[in-house]
Amino acid sequence: MSGSDPKGRVSPAKGLDVPALRRDLLDWFDRSGRDLPWRRRRTPYRTWISEIMLQQTTVAAVQPYFQAFLERFPDPAALAAASEDEVLALWSGLGYYRRARLLHQAAGVVVRERGGALPDSAEEWASLPGIGDYAAGAIASMALGERVPAVDANARRVLLRWVCAGPLEADGISPRELRALAEELVDEGRPGDWNEAIMDLGATVCAARIPRCRECPVLGHCRAGLGGRAEQVPAAMPRPGTVRIMLAALVIRAGDAVLLVPSGAPRVGLAPRGAEVFRSDFSSLNRGCWGPPTTDWFREDETVAWDPAQVWGPYLASLGLPSLTAGSFLAAGTVTHTITRHRLGIRVFALDLPTGGGGDPEFIKKDLTGAIFPVYPEGRGQRAIGQGDPVTPPLSRMATKILACGIKAGG
DNA sequence: AACTCGTGGCG
DNA sequence: TCGCCAAGAGT
């Protein structure tokens, strides 16, 4: 099954006409490659930021974040000098917040241990936090011209389709063999363009579902495509099923301020009767981001009643707030949100505290070691909730949804 | 080595 | 509505 090069060594190229394949794909890339912000001006730093943001994230979602991030942090020194909170605030809504924390850590390493100079080889890049084999290869090839592959899910799918007629064959190819194939194929003169071309092909033509083989510039080189079995390669990996979860969140407002607590803070609020705790440790979820206080996550059936006074009463009493009746709470509605495989139903309650008395924001801040931030009602000045305000802690999208629900219901 | 970590879009 | 997918890395 393996081809051989002119010196007779076994080659992993599996009979591909490598020169013709390179020419056909790069010609297509020159004609049809995507025009993306990080390609307009190629620098190692810009490539680094874009590659981290693009992990498991669509191009459309990344674009506005990329622009704002580079404006605020134009170089590694600026990024390293910022607080983690500020980095996370610019990441808010993008998801996978660990990426932002590792990026910030890596900038610190670059400044402290390398005098601010970014690595100049894939091997050195791979030693930085948050940089794996893929990102190291992508940055080194695209921004430094090093002849290394960048094997992400796109490249893996494209290469397997080229050399395998069906899913069983693809299943027989080890990660080592795939890596060897990828290394052999990288164009000597244009390694970065080659890697980008494979990813563009995978994103726009050689898609995971419903590949558009009739539009493919390299169909003639593709065993799976020529056999009409591209969609079956590689075989889908089994995934854990989704889990339905319920929780409640409390939006405590005092004037134009809202109470926020760190995402890893202990949950507050009692379990509704009949609900089974699914998860109570959130130390690794949305780490570094803030949001309104919430309960644990519960499994429940439809009959469970969430009485806000019962759920939140003891918590509020522990803060020394005056006793509150059920009428003090506003049932703001239910928000749905998905976090990886968890489908959340969030019952949002709002509670207005009188300002100027025992329940003013400073009082809350002191007793909860939480933070407060101003609320901007929807439509006023076109500002999202808390976004862009220097006192605003980083928020996850989940927190933003909860706040929007509570604020909207409150008028 | 399986599991975790966010979010939005699409068929 | 729902499952699948997207420029992965760390543990």
Side-chain angles (χ1 to χ4, degrees), chain A residues 33-34 36-39 46-66 88 91-103 105-106 125-143 149-158 174-175 182 192 194-204 206-212 231 234-245 263-264 279 281-289 291 335-346 394-401:
Chain A
R34 291 175 291 178
L36 301 170
W38 39 92
R39 291 179 178 171
R46 289 164 58 87
T47 305
W48 178 27
I49 304 303
S50 70
E51 285 304 329
I52 301 302
M53 286 188 171
L54 285 163
Q55 286 170 8
Q56 304 296 120
T57 308
T58 58
V59 165
V62 163
Q63 299 221 33
Y65 284 84
F66 177 79
L88 283 166
W91 208 272
S92 291
L94 197 53
Y96 281 136
Y97 300 100
R98 180 171 57 175
R99 294 181 298 178
R101 288 185 281 108
L102 293 173
L103 181 62
Q105 285 174 32
W125 271 106
S127 70
L128 288 177
I131 306 287
D133 270 355
Y134 161 74
I139 297 167
S141 64
M142 295 171 192
V151 185
D152 70 328
N154 281 315
R156 175 180 141 78
R157 183 175 63 251
V158 168
S174 69
W194 172 257
N195 287 331
E196 286 188 276
I198 289 181
M199 285 189 279
D200 272 19
L201 187 74
T204 64
C206 195
R209 286 193 303 174
I210 317 181
R212 309 163 74 169
E231 190 163 12
M237 297 294 290
R239 294 163 184 266
T242 62
V243 183
R244 295 185 118 79
I245 298 299
S263 70
R279 176 170 172 170
D281 177 12
F282 297 88
S283 56
S284 64
L285 181 66
N286 283 344
R287 189 181 297 172
C289 289
V335 178
T336 61
H337 189 77
T338 304
I339 297 178
T340 62
R341 67 182 218 269
H342 307 290
R343 183 169 171 75
L344 309 180
I346 308 170
L395 300 174
S396 68
R397 180 73 75 216
M398 177 170 71
T400 306
K401 283 186 183 179

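Letters A, B, ... mirror the listed sequences (proteins, then strands); counts begin at 1.
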**Student:** Does a side-chain N or O of A:R101 approach OP1 or OP2 of C:dG10 to a distance below 4.0 Å, or not?
**Tutor:** no
**Student:** Which residues satisfy the side chain to side chain contact (heavy atoms under 4.5 Å, CB included) test with A:F66, sequence neighbours excluded?
**Tutor:** A:P37, A:W38, A:R46, A:I49, A:S50, A:M53, A:V62, A:L70
**Student:** When all nucleic acid strands are considered with a 4.0 Å heavy-atom cut-off, which category describes A:W91: base, sugar-phosphate, or nothing?
**Tutor:** nothing
**Student:** Supply the atom-to-atom distance A:R212 CZ to A:L201 CG, rounded to the nearest 0.5 angstrom.
**Tutor:** 11.0 Å
**Student:** Would you please confirm or rule out a distance under 4.0 Å between OP1 or OP2 of C:dA6 and any side-chain N or O of A:R157?
**Tutor:** yes
**Student:** Can you check the A:D152 CG to C:dA9 P distance for me, whole Å?
**Tutor:** 9 Å
**Student:** Would you say that A:L285 contacts A:R279 through its side chain, given a criterion of any heavy-atom pair below 4.5 Å between the two side chains?
**Tutor:** yes
**Student:** What's A:P240 touching, base or sugar-phosphate or nothing? Going by heavy atoms closer than 4.0 Å.
**Tutor:** nothing
**Student:** Give the nucleotide from the list C:dG3, C:dA9, C:dA6 with an atom nearest to the side chain of A:Y134.
**Tutor:** C:dA9
**Student:** Identify whether any heavy atom of A:A153 sits under 4.0 Å from a base atom; if not, whether one sits that close to sugar-phosphate; answer base, sugar-phosphate or nothing.
**Tutor:** sugar-phosphate
**Student:** Measure CD1/A:I139 against P/C:dG8 and give the value in whole Å, please.
**Tutor:** 13 Å
**Student:** Scan A:L103 against the nucleic acid and name what it touches under 4.0 Å (heavy atoms): base, sugar-phosphate only, or nothing.
**Tutor:** nothing
**Student:** Without decimals, in angstroms, what is the distance between A:F66 CZ and C:dA6 P?
**Tutor:** 22 Å
**Student:** If you measure from OH on A:Y65 to OG on A:S92, what distance do you get to the nearest 0.5 Å?
**Tutor:** 7.0 Å
**Student:** Whole Å only: how far is the CE atom of A:M237 from the P atom of B:dA2?
**Tutor:** 8 Å
**Student:** Can you identify which nucleotide, out of C:dC2, C:dG8, C:dA6, has its nearest atom closest to the A:A208 side chain?
**Tutor:** C:dA6
**Student:** Between C:dC5 atom C1' and A:M199 atom CE, what is the distance in whole Å?
**Tutor:** 17 Å
**Student:** Students often get this wrong, so: under 4.0 angstrom with heavy atoms, is A:R34 touching a base, only sugar-phosphate, or nothing?
**Tutor:** base
**Student:** Please check if any side-chain donor atom of A:Y134 sits under 3.5 Å from a side-chain acceptor atom of A:E51, or the reverse.
**Tutor:** yes
**Student:** B:dC3 and C:dC4: how far apart are their P atoms, nearest whole angstrom?
**Tutor:** 16 Å
**Student:** Starting at the 5' end of DNA chain C and moving along, which residue's nearest nucleotide shows up first, A:R343 or A:P129?
**Tutor:** A:R343
**Student:** Quick one: do the A:S263 and A:N286 side chains pair a donor with an acceptor below 3.5 Å?
**Tutor:** no
**Student:** Please determine whether a side-chain nitrogen or oxygen atom of A:T242 lies at a distance below 4.0 Å from atom OP1 or OP2 of C:dG3.
**Tutor:** yes
**Student:** One character per nucleotide, please: for nucleotides 5-11 of chain B, 5' to 3', B when the base has a protein heavy atom closer than 4.0 Å, S when only the sugar-phosphate does, - otherwise.
**Tutor:** BBBS-BS
